[in-house]
Amino acid sequence: MRIIDLGLIDHAEAEALQLETLAAVREERVENTLYLLEHPPVITLGHQGGLENLHVPEAFLKERGITLSKTGRGGNITCHFPGQLVGYPVFRVERRPGGIRAFFNDMEEAVIRVCRDFGVDAGRWEGRPGVWVGERKICSMGIGVKHWVTFHGLALNVGRDLSLFELITLCGLSGARPTSLALETGRDIDMKDVKDALSRHFLGLFPDSALAARQSAA
């Protein structure tokens, strides 16, 4: 697995990079790739729509330099901003036991373990994808799949400033409230430490499925 830190990168640029990488991963020219990054303020819409859950006119967003973007992932509306760790795994999943469902479950598990590393008791909420601390959402998730290769992924709130969420109904879920590692712990969290933790847990939960398949065949 390649793990690449892109730093702060525009959402459209990151999506184009994912699609380019997806083709290379599909053709086995590169390994499964996990991109770690932050985005400038952007509100994104998934396959299930989301404009009905935007609380302000699009002109309001433009005035404040906030991008509105339609994406290739599943799910509804969410947002990204500096202080939120975004992880985009571009992975082959056709050879993984359990397919897409197991992939998504393992992605949630990686984030749950990261939260645990920082002293936050997080978990799943049946019927509501992502990772939660009680009824507070700490990590949104949504993936796209092309030719059995994933793209898009997860957005883990790390910093204290979650004000961009005030402009949307979080993931289209009435009553859902966001939280973050900093808010739950009452202290500032270093983004590099979170990236290191997420990398470690991805490496543990996502061994090379292509290699595993070859070993099984042997």
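As the structure is a computational prediction, the values presented were derived from the model and not from experiment. Each residue takes its place number in the sequence, starting with 1.
Summarising the geometry, atom CG belonging to Leu183 is positioned 11.0 Å from atom CZ belonging to Arg177; distances are rounded to the nearest 0.5 Å. The CE atom of Met107 sits 7.5 Å away from the SG atom of Cys139 when rounded to the nearest 0.5 Å. In this structure, the separation between CG on Leu154 and CE on Met141 is 5.0 Å, given to the nearest 0.5 Å. The line from CG of Leu36 to CE of Met191 is 10.0 Å long, rounded to the nearest 0.5 Å. Note: Leu167 CG to Ile66 CD1 = 5.5 Å, rounded to the nearest 0.5 Å. Expressed to the nearest 0.5 Å, how far OG1 of Thr21 lies from CZ of Arg26 amounts to 14.5 Å.
Of all heavy-atom pairs between Leu156 and Cys115, the closest is CD1-SG, 4.4 Å. Smallest separation of non-hydrogen atoms from Ile112 and Gly123: CD1-CA, 3.9 Å. Residues Pro97 and Ala102 approach most closely at O-CB, 3.4 Å, considering heavy atoms.
The ring pair (Phe, Tyr, Trp, His ring centres under 6.0 Å) analysis of residues 4-28, with sequence neighbours excluded, yields the pairs His11-His39.
Qualifying side-chain hydrogen bond (donor to acceptor under 3.5 Å, both in side chains) partners for Arg2, counting only residues two or more places apart in sequence or in other chains: Thr33. Qualifying side chain to side chain contact (heavy atoms under 4.5 Å, CB included) partners for Asp10, counting only residues two or more places apart in sequence or in other chains: Ala12, Glu13. Take Val133 and apply the side chain to side chain contact (heavy atoms under 4.5 Å, CB included) test, not counting sequence neighbours, and it matches Val120, Ala122, Arg136, Ile138, Thr179, Glu184. With sequence neighbours left out, Phe118 forms a ring pair (Phe, Tyr, Trp, His ring centres under 6.0 Å) with no residue at all. With sequence neighbours left out, Phe104 forms a ring pair (Phe, Tyr, Trp, His ring centres under 6.0 Å) with no residue at all. Take Pro178 and apply the side chain to side chain contact (heavy atoms under 4.5 Å, CB included) test, not counting sequence neighbours, and it matches Asn157, Leu162, Phe165, Leu170. Remark: Glu27 pairs with Arg29 by the side-chain hydrogen bond (donor to acceptor under 3.5 Å, both in side chains) rule, at least two apart or across chains. In this structure, the salt bridge (charged side-chain N to carboxylate O under 4.0 Å, His left out) partners of Glu108, at least two apart in sequence or on a different chain, are Arg124.
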Donor-acceptor pairs are to be reported for all side-chain atoms of residues 197-204 against protein atoms at under 3.5 Å, with residues two or more places apart or in another chain.
residue : atom : partner : partner atom : Å
Ser199  : OG   : Lys195  : O            : 2.8
Arg200  : NH2  : Asp117  : OD2          : 2.8
His201  : NE2  : Asp117  : OD2          : 2.7

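Looking only at side-chain heavy atoms (C-beta outward), Phe81 and Val42 stay at 4.5 Å or farther from each other. Residues Thr71 and Glu15 meet the side-chain proximity criterion, which asks for heavy atoms closer than 4.5 Å. In this structure the side chain of Leu205 reaches within 4.5 angstrom of the side chain of Arg113, judged on heavy atoms. In this structure, Ile168 and Cys79 have side chains that are in contact, with non-hydrogen atoms separated by less than 4.5 Å. Side-chain contact between Leu61 and Val56 is present, with at least one heavy-atom pair separated by less than 4.5 Å.
Looking at Thr150, its side chain does come within 3.5 Å of a backbone N or O of Pro89 through a donor-acceptor pair. Judged by distance alone, with hydrogens and angles left aside, the side-chain atoms of Glu31 form a donor-acceptor pair with the main-chain N or O of Met1 at under 3.5 Å. In this structure, Lys137 contributes its side chain and Pro129 its backbone to a donor-acceptor pair below 3.5 Å.
The neighbour count for Glu94 CD, taken as heavy atoms of other residues, nucleotides or ligands under 6.0 Å away, is above 12. The environment of CG in Asp121 is sparse: at most 12 heavy-atom neighbours from other residues, nucleotides or ligands sit within 6.0 Å.
Other residues sharing the hydrophobic cluster of Val86, ordered by chain and number and joined by side-chain separations under 4.5 Å: Ile4, Leu6, Ile9, Leu17, Leu19, Leu22, Val25, Val30, Tyr35, Leu37, Tyr88, Val90, Val149, Phe151. Other cluster members for Leu8: none, since no ILVMFWY side-chain heavy atom sits under 4.5 Å from it.
In summary, Glu58 and Lys62 do not engage in a salt bridge, as defined by a charged side-chain N under 4.0 Å from a carboxylate O.
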Salt bridge (charged side-chain N to carboxylate O under 4.0 Å, His left out) between Asp5 and Lys192, intermediate numbers included: CA-CA 10 Å; Asp5 188 341; Lys192 182 181 184 304; over 6 Å; no
side-chain hydrogen bond (donor to acceptor under 3.5 Å, both in side chains) evaluation trace for Glu166 with His55: CA-CA 8 Å; Glu166 296 172 6; His55 301 165; over 6 Å; no
Chi angles and distances behind the side chain to side chain contact (heavy atoms under 4.5 Å, CB included) call for Leu164, His80: CA-CA 8 Å; Leu164 195 57; His80 306 300; over 6 Å; no
